[in-house]
Amino acid sequence: MNSSEQKLKKLKEEKESLSYLFKKDFDSINEFNNYKTEHQEDFDKYKKIKKEIENLEWQLMTPQEKQEYLEYQNKIKEKYSDD
């Protein structure tokens, strides 16, 4: 396993450890807003990790995988675009 793959694995584990942020129910919008404010640093960290994971996964893709991914994304866009 190369260093990028190791880093990717570590980031995915870290992301998973923050998944608790999204497993909470709220009785009111006020409760939600308070929770969001109290955990803003963790939400920011989660977003940063998610972006790093996406970038690393892209770097680790072969040219063929990248091409297939881009074609898939285009199909999705076409399917859900407003005509």
Could you check L21 against Y35 for side chain to side chain contact (heavy atoms under 4.5 Å, CB included), going step by step and ending with a plain yes or no?
-> CA-CA 9 Å; L21 292 168; Y35 180 83; 3.9 Å; yes
Does [X] have more than 12 heavy atoms from other residues, nucleotides or ligands lying within 6.0 Å of its [atom1]?
X	atom1	value
K24	NZ	yes
E41	CD	no
Y72	OH	no
K51	NZ	no

Test side chain to side chain contact (heavy atoms under 4.5 Å, CB included) applied to Q67 and Y69, step by step = CA-CA 5 Å; Q67 182 64 34; Y69 177 81; over 6 Å; no
Using distance alone, with no hydrogens and no angle criterion, decide if N2 and Q6 have a side-chain donor and acceptor under 3.5 Å apart.
-> no
Report the residues that fulfil side-chain hydrogen bond (donor to acceptor under 3.5 Å, both in side chains) with E14, sequence neighbours left out, ordered by chain and then residue number.
-> K45
Evaluate the criterion side chain to side chain contact (heavy atoms under 4.5 Å, CB included) for residue pair K15 and K12; output intermediate values, then yes/no.
-> CA-CA 5 Å; K15 180 183 167 200; K12 285 183 175 183; 5.5 Å; no
What pair of heavy atoms forms the shortest contact from L60 to L8, and how long is it?
-> CD1-CD2, 3.8 Å
Shortest non-hydrogen contact between E31 and S28, atoms and distance = N-OG, 3.0 Å
Output the distance between atom [atom1] ([X]) and atom [atom2] ([Y]), rounded to the nearest 0.5 Å.
X	Y	atom1	atom2	value
S81	N74	OG	CG	11.0 Å
Y80	K75	OH	NZ	13.5 Å
E65	W58	CD	CH2	10.0 Å
Q59	E57	CD	CD	11.0 Å

Does some side-chain heavy atom of Y20 sit less than 4.5 Å from a side-chain heavy atom of D42?
-> yes
Describe, in one word, how the ring planes of F43 and H39 are oriented to each other, choosing from parallel (under 30°), tilted (30 to 60°) and perpendicular (over 60°).
-> perpendicular
Salt bridge K9-E5, side-chain N to carboxylate O under 4.0 Å | no
Say whether L11 and M61 are linked into one hydrophobic cluster, either directly or through other cluster members, by side-chain heavy-atom distances under 4.5 angstrom.
-> no
